[in-house]
Each structure stands twice: as C-alpha cells, then as structure tokens.
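Predicted model, so just to flag it, every value in this text is computed and none were measured. Residue numbers begin at 1 in each chain, while the letters A, B, ... track the order of the sequences. In what follows, every heavy atom counts, from backbone to side chain, and hydrogens, waters and symmetry copies are set aside.
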2 protein chains.
Amino acid sequence: MARSKTRDEILTAATRQFAESGYKGTSLQDIAAEVGCSKATLLYHFDSKDAILAELCAPAIAELRDLLDQVAAAPDPDTARKIAVQGFVDLAMRHRREIQVIYGDLPALLLQPALQPVQVLTEQLHATLAGTSGSAQSRLSAKFVLAGLPAVIFACTEFDDETLRAALIATAGRALESLS
Amino acid sequence: MARSKTRDEILTAATRQFAESGYKGTSLQDIAAEVGCSKATLLYHFDSKDAILAELCAPAIAELRDLLDQVAAAPDPDTARKIAVQGFVDLAMRHRREIQVIYGDLPALLLQPALQPVQVLTEQLHATLAGTSGSAQSRLSAKFVLAGLPAVIFACTEFDDETLRAALIATAGRALESLS
DNA sequence: TCAGAACCTGACCGATCGGCCAGTTCTGTG
DNA sequence: CACAGAACTGGCCGATCGGTCAGGTTCTGA
C-alpha cells in the first residue's frame, strides 16, 4: 500500500497530531518536525494537506462502509442494531486516532470532500441505532451513543481493550434500551 | 454587564462561529464580517481573540461551578448524581453554543488559560457521575455521558426543549445504571 | 457650546500558513 | 562506473493570521 517508509511516518505523525490538535490546529511544519523531515517532503509524498487527511481516514471509512453492508444484511432490526453497536466499537478501537479525527473534530471538518461519505454512513448508522419506532427518545439515544463512543474510545487509554470493549457495548446497549 | 451594543454583537457572533467552526477555524475577520464592523473594532472592545473566548465562556463556567456547589451539598451520592445529571442538562441547554465551544472543540483548546478551570470542574462532575464504586464500568459510563450530552444538545434542534430535556435525562440515567 | 471620552477604522506589522519549484542527494540497476 | 529516477530540501510565493497604531467620527454631559 504505502510506497515508502517516510510516507508511512508522515501518515502516522499526521494521524497523531490531527487527533490531538485538530486538523486546523496542525500545520504541515508540525508534522514535518515530528517526522524529522522538511515540509517540502510532505508535499512530495502527498498532493496537499487535504490529501494527507483523506488518505489517513480512508481505511476507517472503508471499514465503516463494510460494517454498514453487514448491518444491511441483518435479518431483523434488533440483530442489525447489535451488529452496528459491536461493529462500531470494534472499528473505533482499531482506528482510535482516525475516528477521533473524523468524529472528534468539529462538524465543519466533515464538509471536507474526503470526509463527505462519512455523513451518509453516519446517518445510516444513526437510523440503525434509532430503530424503526422513529420516536424522539430513540433518535436522541442514537445520537447520544454515536457521539459518546468515539469520545470515550479516544480518551480512555487506562483500560485494556477487552474491558473497554465489553463496558462500552454494555453502556451503549443500556442507553439504547427502548422505553417501557 | 456588557458596555456597548457592538460588544454584545461581537460576543454573539463569536459564540456562534466558535461553536460551528471551532476556535482555530474562526478568524477575527470572520467574526468582524458577521458583525459588520472592522477587525480593529473587535480588538478595541477586547484585548485579544483569547479574551473573546474567555468572556463568552465565563457565564457557563460560573454556572458549572454553581452546579458543583449544589452537588457537593447533596446528602448522598445518588442524590448528587441526580442533581449533576439534571443540572448539567439544564446548563447545557441554557448555553448550547458555549458548551459546544468548551466541550465540542478539541481537548487541546482546554489548555487555553480561560478554560483551565473547566478541567477541574469536569473531573469533579465525572467523579460524581461515576459514583463511589470506582469500577471501570461506572467510570466509562460517566465519561460516555459527559461526552454524549454536549454533542447531542448542540446537534439537536429538531425537538422542543422539554422533550429534549426529558429524553436526555432518561438516556443518561440508563447509561449510568449500575450493573446487577 | 465645546471638551473629552467613547467608538470605530484603514493601513500596516511580523509571523505563519499551505503550496511550489529548481536543484541536490540518494539508490538501485545495467 | 554511469546514469536514470526516486527521494529530499532550501528558499521562495501570495494569502492570511492575530495584533498595533494614528487618526477620524460620534456621543455625551457639564
């Protein structure tokens, strides 16, 4: 996939800094300094700052798309929701920083062309979590879960993965429980 | 409080734009354009861009402090948690945009001197929500709720306040339910 | 009426932004 | 060894950033 070692290092450093300081809060100079190369080298390997963002987000977005395919293939809404929650937690834990970049930065970042598909995918995920009732309560809970999960996964480094995974799925499940 | 009409308009425009595009994503020129004045006028009314941020966040931070005083005066942990959840929801709904600026922007923004007290206050709130058990599960749920509430409150304009308030308190309560 | 305070602005500053380019160094292969 | 292409860089560009300043306008109260 990646053609050179420096190229990989650039993506790694950029991912870390975008997640920590935000896209607008990170300059090409900052990334170059962490990699230990010149700013011009970044623009030799990538067309632009936007292109770096697009490439580091691409794998997570692709997996999100795959997840929604699985969700669409679920036999019933309850199963779909279960797949969506567990799949999203797993996905976000595999791509902590990338998910933080995509969901942790301001909504304004989503207007970026590279992140445009995320909006549609997130809406589908939202609809799945909200279920078929369409009640205000369920739609709010869905938004709550979609906002809470990425934030917690990025912020929590104090627990081992399995503990985190189980606790998050449990908490998300409780938040989504339909009202009696 | 505010000495001039223009000063108020600057604060209003800045709050809106900081919430929407982020602190770093908003320039003084952007704010001036919305107000319909020159960039120099902003810096006549305020010492710096940071000072604008500090002043527009101040009321929400003060109310957050008040809330924590009430929480500290609660007779028992369960009551404290109830006060914290309801109080935070109310506070965030009174200051939707400000809370979005404080919590919705990157954690890096919290290093800003003006927002420094927020870290301590948020930790106290977190401890209250997590309760006395100290389990990983409860601490995660607390983080989940603190991240989810601001995001949902800012993003949801489709419901009337009372519906939103009730639904959020219910959802947060479910997410925080202790395990059997 | 008029002086002073309050308000506002265009022009400008140094720093930094993303991006570009000519040229140099590194590297692998015939 | 020669040489082609990949990798890399210093220096530069125009734009924009936050911030300053001298000076003009408007408001206000004695």
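Annotation for B:Asp47: atom CG does not count as buried by contact number, only 12 or fewer foreign heavy atoms lying within 6.0 Å. Within a 6.0 Å sphere centred on CG of A:Asp66, other residues, nucleotides and ligands contribute more than 12 heavy atoms.
At a threshold of 4.0 angstrom between heavy atoms, the contacts of B:Ser27 are confined to the sugar-phosphate backbone, with no base atom among them.
The nearest whole Å value for the distance from the CG atom in B:Leu28 to the C1' atom in C:dG10 is 16 Å. When the C1' atom of C:dC17 is taken as reference, atom CG of A:Asp50 falls 13 Å away, rounded to whole Å. Whole-Å rounding puts the B:Lys49 NZ to C:dT16 C1' distance at 13 Å. Separating the NZ atom of B:Lys5 from the P atom of D:dT26 is a distance of 16 Å, rounded to the nearest angstrom. Per the geometry, CD1 belonging to A:Ile10 stands 7 Å off P belonging to D:dC8, to the nearest Å. As a whole-Å value, the separation of B:Phe46 CZ from C:dC8 C1' is 15 Å.
B:Thr12 and B:Thr15 are not linked by any side-chain donor-acceptor pair at a separation below 3.5 angstrom, with hydrogens and angles left out of the test. Counted by atom type alone, A:Gln137 and B:Thr171 present one or more donor-acceptor pairs between their side chains at under 3.5 Å. Side-chain contact, A:Ser138 with A:Ser135: a donor N or O sits under 3.5 Å from an acceptor N or O. Side chain to side chain, A:Tyr103 and A:Thr122 meet the donor-acceptor criterion of an N or O pair below 3.5 Å.
Contact of the A:Glu9 side chain with the A:Glu34 side chain is not registered, since no non-hydrogen atoms from C-beta on lie closer than 4.5 Å.
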Can you pull every protein N or O that's under 3.5 Å from an N or O on nucleotides 4-7 of chain D?
{"from": "D:dA7", "atom 1": "OP2", "to": "A:Tyr44", "atom 2": "OH", "distance (Å)": "3.0"}

Table of protein N/O atoms under 3.5 Å from nucleotides 20-23 of chain C N/O atoms:
none

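At the phosphate of D:dC8, neither OP1 nor OP2 sits under 4.0 Å from any side-chain N or O atom of A:Thr41.
Across the interface with DNA chain C, nearest-nucleotide mapping of B:Leu42 and A:Lys24 shows B:Leu42 to be the residue nearer the 5′ end.
The pair A:Glu177-A:Arg174 does not meet the salt-bridge criterion, since no charged nitrogen lies less than 4.0 angstrom from a carboxylate oxygen.
Taking the ring centre of A:Tyr23 as origin, the terminal cationic atom of A:Lys49 falls inside the region bounded by 6.0 Å and 45° from the ring axis.
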